[in-house]
Every structure is written in C-alpha cells, then in structure tokens.
Amino acid sequence: MSKRARSARRLASLLTSKSGTYVRVYYDRQIRRYRVVWTNGPDAAQMFTFAVQAAGDVPELDVATLLWDRGTTNNNHHR
C-alpha cells in the first residue's frame, strides 16, 4: 500500500471519529482524484473543516483537492 493510500485510510478514520458517521476516502480512477464519501452527518463544509484540522496527520494528501461526496438517506417512511 502506498503512503498516499495509507494517508487516505488514516484520514477516513479521523473523519469517521470526528464526525460520528462512517467515512470512506478512496481514489476515484475516473476523475483521478481522491473522493471522500459519507451518508448523513455533517455537511461538506464541516467535513472539510475536520479534514483541514487533520491535515498534519496525512501529509501525503492535499485536502484542498479532495472531492466531497455526501449522500443522504430519507428517514421519512411513507405508507
């Protein structure tokens, strides 16, 4: 595993613990960028703030170039 891939895993772990929601960070080959993916929880701006705070722990990743991809689930169940 490359240093960059290790940093991506480390960032995912840090963001997961900070945000309280499961976060994945992976390299998207189609767009040639790292993508940060999570469902519900903080919005992209808040997640970016967490990433900036963690940037010193993941020097191989430039948090400014990450793609922020927040999904949502609908908790309103209609009958």
Side-chain angles (χ1 to χ4, degrees):
M1 182 182 295
S2 71
K3 284 184 177 181
R4 204 172 211 192
R6 256 192 301 281
S7 282
R9 287 182 114 166
R10 174 83 174 127
L11 181 60
S13 175
L14 292 168
L15 293 177
T16 294
S17 65
K18 188 81 172 169
S19 69
T21 191
Y22 177 70
V23 178
R24 255 180 25 138
V25 180
Y26 69 95
Y27 188 73
D28 187 328
R29 293 183 193 282
Q30 287 187 326
I31 60 171
R32 296 184 174 162
R33 285 173 65 187
Y34 276 88
R35 183 184 293 264
V36 182
V37 180
W38 72 102
T39 302
N40 299 333
D43 64 16
Q46 184 66 54
M47 199 63 86
F48 177 74
T49 300
F50 293 153
V52 168
Q53 293 167 354
D57 292 328
V58 290
E60 289 80 19
L61 283 182
D62 180 357
V63 298
T65 64
L66 300 175
L67 182 68
W68 304 91
D69 191 2
R70 178 182 184 260
T72 58
T73 56
N74 184 352
N75 291 331
N76 297 332
H77 299 289
H78 298 290
R79 295 181 187 222

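Within the structure, every pair that satisfies the salt bridge (charged side-chain N to carboxylate O under 4.0 Å, His left out) test and touches residues 27-42, not counting sequence neighbours, is listed here: Asp28-Arg35, Arg35-Asp69. Sorted by first and then second residue, the side-chain hydrogen bond (donor to acceptor under 3.5 Å, both in side chains) pairs involving residues 41-60 (not counting sequence neighbours) are Ser7-Glu60.
Taking each heavy atom of Arg9 and Met1 in turn, the nearest pair found is NH1-CE, 2.7 Å. Of all heavy-atom pairs spanning Thr21 and Asn40, the tightest one is CG2-O, 4.5 Å.
Legend: residues meeting side chain to side chain contact (heavy atoms under 4.5 Å, CB included) with Thr65, ordered by chain and number and at least two apart, are Asp62. A search for side-chain hydrogen bond (donor to acceptor under 3.5 Å, both in side chains) contacts involving Thr16 returns nothing, not counting sequence neighbours.
Connectivity analysis of hydrophobic side chains (ILVMFWY, heavy atoms under 4.5 Å, direct or indirect) links Val25 to Leu11, Leu15, Val23, Tyr27, Tyr34, Val36, Trp38, Met47, Phe48, Phe50, Val52, Val58, Leu61, Val63, Leu66, Trp68. With side-chain heavy atoms closer than 4.5 Å counting as contact, directly or through intermediates, Tyr22 stands alone and belongs to no larger hydrophobic cluster.
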